[in-house]
Amino acid sequence: MRKIIHDLSSGTSQTVNEPVIRTIYNFLLNSYGSQGWWPLIELHESGGTNPTKTGSVQGYHPGDYTYPHTDSQQFEIICGAMLTQNTSWQQVERALINLKKIDSLSPGGILDLGPETLREAIRPAGYYNQKAVRLKTLAEWFLELKSRTPEREELLSLKGVGPETADSILLYAFKQPSFVVDAYTRRIISNLGLADEKTKYSEIKALFEENLPEDMIVYQEYHALLVEHAKRYYQKKINYSRCPLLKIVLA
DNA sequence: TGCCAGGTCTATA
DNA sequence: TATAGACATGGC
């Protein structure tokens, strides 16, 4: 296993925002450590003559940036990226575990499932009618991909794949340096005064990419760290003024 | 009971 | 180009 912590405390400044973007990263990394995204599911078989599969979360792999190891894990990340749209990860895990329990968390498995069975399996993740159709689309696309790395535009052309999902797939399933901007990211940088509610996705993405080394590992960690930080300080019922980053950015 | 969660698409102006 | 409404479950 490769254990790397990418610290950005050194390096030369190039833009006004670069020190801020890097300072935030270093603070988050020092605070929470390596996050080990993207979480992967693993099923454990119970013993006996009639083994049953129980879902559990293998979860995170801090400091190990070698994942995905297999096409199966790569496809699992792709499915998770789509299923997590506007839904909590806990619900996505349930859906993924349901699919694994029926040996269908694979492109062929998804395509072989009847529409009703697929809908029932992913029901916990919400929007199950839409997402069932979109999973089939992703499965067909993945089979035709044949281990090639897709272009971002190609992903965006798929039904149900918007900018965040495309970037998540590129960054975590294909290890491409494409920064992911999610609702948490937007909330944090808005509160820090680095953007506002109307700032476009592409502009926020550029803010990070232009002020960081083009490094897949840094992008993965940064996005995951922002999510972890947001879960602590940026839940909607929390006053964002408690965010410790404010003292750092405004200093 | 109502709000919220690791978005995206479509119709309309 | 911008915005509203639809899509849906489960935790708190």
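Note on naming: letters A, B, ... go to the chains in the order of the sequence lines (proteins, then strands), and numbering restarts at 1 for each one.
Distances shown here put a side-chain N or O of Thr165(A) below 4.0 Å from the OP1 or OP2 atom of dT8(B). For the OP1/OP2 pair of dA8(C) and a distance below 4.0 Å, the side-chain nitrogens and oxygens of Arg94(A) include no atom meeting the criterion. Between Asn86(A) and dC7(C), a side-chain N or O to OP1/OP2 separation shorter than 4.0 Å is absent.
Distance, Lys131(A) NZ to dG10(C) P: 12 Å, rounded to whole Å. The interatomic distance linking Gln235(A) (CD) with dG11(C) (C1') rounds to 12 Å, in whole Å. In this structure, the CG atom of Asp196(A) is 13 Å from the P atom of dA2(C), given to the nearest Å. Straight-line distance from the CZ atom of Arg186(A) to the P atom of dT8(B): 11 Å, rounded to whole Å. Lys205(A) has its NZ atom 16 Å from the C1' atom of dG7(B), to the nearest Å. When the P atom of dC4(B) is taken as reference, atom NZ of Lys231(A) falls 17 Å away, rounded to whole Å. When the C1' atom of dG10(C) is taken as reference, atom CD of Glu93(A) falls 14 Å away, rounded to whole Å. Between Lys198(A) atom NZ and dA2(C) atom C1' there is a gap of 9 Å when expressed in whole angstrom units.
Classified by interplanar angle (parallel below 30°, tilted 30° to 60°, perpendicular above 60°), the ring pair Phe179(A)/Phe208(A) is parallel.
Aromatic pair Tyr233(A)/Tyr240(A): ring centres not closer than 6.0 Å. Ring centroids of His223(A) and Tyr219(A) are separated by 6.0 Å or more, keeping the two rings apart. Aromatic rings from Trp38(A) and Trp89(A) are positioned such that their centres are separated by under 6.0 Å.
Atom name P, nucleotides dT10(B) and dA8(C): the rounded distance is 14 Å, in whole Å.
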Please list, for nucleotides 9-13 of chain B, all pairs of protein and nucleotide N/O atoms separated by less than 3.5 Å.
from, atom 1, to, atom 2, distance (Å)
dC9(B), OP1, Gly160(A), N, 2.9
dT10(B), OP1, Lys159(A), NZ, 2.5

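As judged by a 4.0 angstrom heavy-atom cut-off over every strand, Arg187(A) is placed among residues touching the sugar-phosphate backbone only.
Residues Tyr65(A) and Lys175(A) form no side-chain contact, since every pair of their non-hydrogen atoms from C-beta on lies 4.5 Å or further apart. Using a 4.5 Å heavy-atom threshold, the side chains of Leu170(A) and Leu155(A) count as touching. Looking at heavy atoms from C-beta onward, Leu113(A) lies in side-chain contact with Leu99(A) at the 4.5 angstrom threshold.
Only one option out of Leu225(A), Ile248(A), Val249(A) pairs with Phe27(A) in a side chain to side chain contact (heavy atoms under 4.5 Å, CB included); it is Ile248(A).
Picking from dT8(B), dA5(B), dG10(C) the nucleotide with the shortest atom distance to the side chain of Gln91(A) gives dG10(C). Of the listed nucleotides (dA8(C), dG10(C), dG11(C)), dG11(C) has the atom at the smallest distance from the side chain of Gln90(A).
More than 12 heavy atoms of other residues, nucleotides or ligands shown are found within 6.0 angstrom of CD on Glu203(A).
Annotation: proximity of residues 114-127 of chain A to DNA chain C (heavy atom, distance under 4.0 Å) is found for Arg123(A), Pro124(A), Gly126(A), Tyr127(A), numbered in ascending order.
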Audit row: Lys136(A), Glu140(A), salt bridge (Lys or Arg N to Asp or Glu O under 4.0 Å) steps and yes/no = CA-CA 6 Å; Lys136(A) 294 261 188 189; Glu140(A) 284 182 356; over 6 Å; no
